[in-house]
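Reviewing the structure listed below.
Letters A, B, ... mirror the listed sequences (proteins, then strands); counts begin at 1.
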Amino acid sequence: MTAAGGNLISTSQLGHAYGDIVALHHLDFVVPAGRIGLVGANGAGKSTLIKVLLGILDPTEGAAEVLGIGVADDPIAVRSKVGYMPEETCLPLSQTAADFTVYAAELAGIPTKAARQRASDVLTLVGLHEERFRYLAEFSTGMKQRAMLAQAIVHDPELVFLDEPTAGLDPEGREEMLNLIGRLGEFGINVLVSSHVLTDIESTCDWVVMLDGGRVLRSGPLTGITGSDTVDVELLDDHTAVLAALRKRGAEVEVRGAVLRVKSADDAFDLIRDALAEAGAGMKKLSKSETSLEDIFLAAGEAE
Amino acid sequence: MTSEQGVVYDLGYQPHDGPRLGRRGAIFATIRDGLRRILGIRRKARKKVMPWVLFGIALLPVIAIVGWSFLVESVFEGLEADNPFAGHANIFNLTASMFLIFTALAGPELLIPDRVEGVLSVYASRPMRVSDYLGARAAALAIAAGGFLVIPQLILYLGLATLDSDGWFSGLVNNFSDVPKFLLASLFYLLAYGAPAFLVAMFAKRLGPAWGMYLAVMLLSSAFATWISSTTAGIGRYTALAALSINPDIVTDWLFDRSTFREGITGAGFDPVWSVGVIVGVAVVTWLIGLRRYRSLL
């Protein structure tokens with residue numbers, strides 16, 4: 001699935017500037033095989049990073065490896081193994097979906113006969129089988145996004161870059177696109193999904209790279225990042241007595257409306273049980289805290 | 001499960017275990033796609049009309065010439081048709097204007113949609129270099145243009161050979177020296193007309209304005225160059241060489257050893273080799289500009 005060493009992408013002091021405007025600052029990160037989320041606000045450098053990894057833009061400093069191949073050393077070798085779905089449309093409007101998908105496969109070196117078969121299969125996979133002989137100019141936004149995904153995977157790449165794949169889609173179309181992206185991992189295709197919609201990344205990826213202002217805020221497994229060592233307890237009545245009992249036991253407590261978020265070096269669940277008993281209070285809900293990607297993104301941004 | 005109930009198969013995803021042709025495959029695919037674009041193949045009907053109509057019109061003179069010669073010889077047996085138009089250089093002169101329109105359509109069609117519709121992003125994730133892309137597009141134009149220019153010449157060559165009094169084969173042998181000449185002349189027409197078409201297409205955003213811009217550049221450059229060079233002396237006479245659409249006519253006359261006075265370049269006293277230099281120079285400059293322009297796009 002990946003090159004020796006198992007790293008999908010690695011960067012070392014990678015930077016890129018458009019004239020005086022620095023888009024990427026000394027990026028140092030390594031991501032393993034799997035489904036990778038690249039998150040950041042608009043202008044964070046996501047698309048620039050993808051273009052540098054594809055060899056479209058030259059790094060102004062540092063280096064990057066994709067699938068174990070140096071992008072600057074052999075961009076053709078990198079391009080032989082990847083697919084790319086850009087943020088903007090990339091479809092020739094005067095062609096049918098079938099013709100263009102066949103052509104996209106042939107461009108990757110797939111012989112014509114196999115390209116036709118693969119195009120048919122992939123268009124079925126993305127739900128465009130019935131529409132494959134229609135001209136792309138006649139497609140809706142959702143259908144165009146699917147056709148763009150089809151061209152990105154028709155040549156069976158080892159890694160596919162998806163730049164804002166849900167942009168412009170309605171909620172239903174977005175859900176379907178995310179399902180498709182989720183399935184790519186099952187097919188043995190590594191995915192790097194760029195998005196500013198954090199929930200999209202949470203639902204599809206198992207590793208996340210956070211970018212802000214061209215810098216990496218955080219890079220790590222999603223479970224590790226969103227997993228939490230805090231416990232939330234929602235009380236039936238006033239929390240003053242419980243709060244005092246918890247603090248007396250050395251817990252760090254954050255009040256979030258009716259919910260107390262409790263962090264402790266000891267077992268937080270035991271601590272809460274004891275505090276509730278001491279205060280004679282009742283509770284509605286007790287659970288491990290769920291930290292959203294958005295919380296982490298905001299926290300990391302503030303820390304920077 | 002019975003057949004009445006039906007079965008839904010999820011074929012899932014099949015990895016590709018077969019061969020991959022790499023850069024070579026990508027380049028050939030780009031050439032084939034370019035030819036389809038130029039000729040409107042696997043496109044809507046309106047995309048097919050112009051190239052094929054122009055090709056048909058370009059064939060008419062040579063079919064008329066060869067047909068007329070056949071007719072004269074068959075009606076008046078023993079009399080050789082003395083057709084003043086039956087020469088390769090003449091056929092170039094007759095087809096040049098159709099070829100100019102053909103290149104005006106083909107050049108922009110090859111480059112503009114890819115750039116404007118974002119298709120270059122697809123090439124950027126395929127094993128291709130900028131030079132592969134531009135070279136493949138140029139090759140597609142060369143193949144289509146080759147057909148446009150060479151097929152009428154071949155019809156003339158074969159048609160006149162069949163009318164040769166010494167027999168068909170002797171006709172082929174006797175006139176064989178014309179073959180490299182008309183191939184070379186076709187190459188110069190291709191470079192002279194194709195390079196400016198590409199240059200305009202590299203920067204234009206829409207097909208219609210690109211067609212107009214190209215035709216204006218080709219026709220007005222010749223008119224202005226001729227006018228300026230005829231009214232100035234000294235270094236001003238070099239402007240005559242900017243007559244982009246006249247240069248290949250001069251080279252063709254030279255190749256076929258025909259002397260035609262063309263106001264401007266001939267009038268300013270330039271040898272045909274100057275026209276060769278201008279044609280090749282414009283093509284080289286276009287190539288270099290293309291590499292630079294597309295480096296940041298692909």
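The most heavy-atom pairs under 4.5 Å with chain B, out of A/Ala152, A/Ala77, A/Ala104, A/Gly55, come from A/Ala104. Listed options B/Thr30, B/Leu298, B/Asp114 were ranked by heavy-atom pairs under 4.5 angstrom with chain A; first place goes to B/Thr30. Between chain B and the residues A/Glu88, A/His155, A/Lys51, the most heavy-atom pairs under 4.5 angstrom are made by A/His155.
Other residues, nucleotides and ligands contribute over 12 non-hydrogen atoms within 6.0 Å of the CE atom of B/Met218. Surrounding CZ of A/Arg116 are at most 12 heavy atoms belonging to other residues, nucleotides or ligands under 6.0 Å away. The environment of CD1 in A/Ile21 is sparse: at most 12 heavy-atom neighbours from other residues, nucleotides or ligands sit within 6.0 Å. Counting heavy-atom neighbours within 6.0 Å of A/Arg134 CZ, excluding the residue itself, gives a total above 12.
Looking at A/Gln151, both its backbone and its side chain come within 4.5 Å of chain B, counting heavy atoms on both sides. In this structure, the portions of A/Leu54 lying under 4.5 Å from any heavy atom of chain B include both its backbone and its side chain. In this structure, no portion of B/Phe28 lies under 4.5 Å from any heavy atom of chain A. Only the side chain of A/Thr112 comes within contact range of chain B, judged by heavy atoms closer than 4.5 Å. Proximity to chain B (any heavy atom under 4.5 Å) is shown, for A/Pro92, by both the backbone and the side chain. A/Phe161 does not touch chain B: none of its heavy atoms, backbone or side chain, sits under 4.5 Å away.
Looking only at side-chain heavy atoms (C-beta outward), A/Gln95 and B/Arg42 stay at 4.5 Å or farther from each other. Contact check for A/Thr89 versus B/Glu117: no side-chain heavy atoms found under the 4.5 Å cut-off. Side-chain contact between A/Ile76 and B/Arg129: present, with at least one pair of heavy atoms (C-beta onward) separated by less than 4.5 Å. Side-chain contact check for A/Asp58 versus B/Arg295: some heavy-atom pair is nearer than 4.5 Å. You'll find the side chain of B/Val122 stays beyond 4.5 Å of the side chain of A/Tyr84, heavy atoms only. Using a 4.5 Å heavy-atom threshold, the side chains of A/Gln117 and B/Gln14 count as separate.
Here OG of B/Ser125 is found 13.0 Å from CG of A/Leu53. Values are rounded to the nearest 0.5 Å. Atoms CZ and CG, from B/Arg43 and A/Leu93 in turn, are 11.0 Å apart once rounded to the nearest 0.5 Å. The distance from atom CD1 of A/Ile110 to atom CG of B/Leu21, rounded to the nearest 0.5 Å, is 8.0 Å. Of the inter-residue distances, the one linking B/Leu120 atom CG with A/Ile56 atom CD1 reads 9.5 Å to the nearest 0.5 angstrom. With rounding to the nearest 0.5 Å, the separation of CD1 in B/Ile41 from CG in A/Asp99 is 11.5 Å.
Residue B/Lys47 comes nearest to A/Ser94 through the heavy atom pair CE-CB, 4.5 Å, listed as atom of the first residue, atom of the second, then distance. Closest approach of A/Arg118 and B/Pro15 over heavy atoms only: NH1-C, 3.6 Å. Residues A/Cys90 and B/Gly118 share a closest heavy-atom pair of CB-O, 3.3 Å. Across every non-hydrogen atom of A/Pro86 and B/Ser121, the tightest pair is CG-CB, 3.6 Å. For the pair A/Ala114 and B/His16, the tightest heavy-atom approach, listed with the atom from each and the gap, is CB-CE1, 4.0 Å.
No donor-acceptor pair closer than 3.5 Å links the side chain of B/Arg126 to the backbone N or O of A/Ser80.
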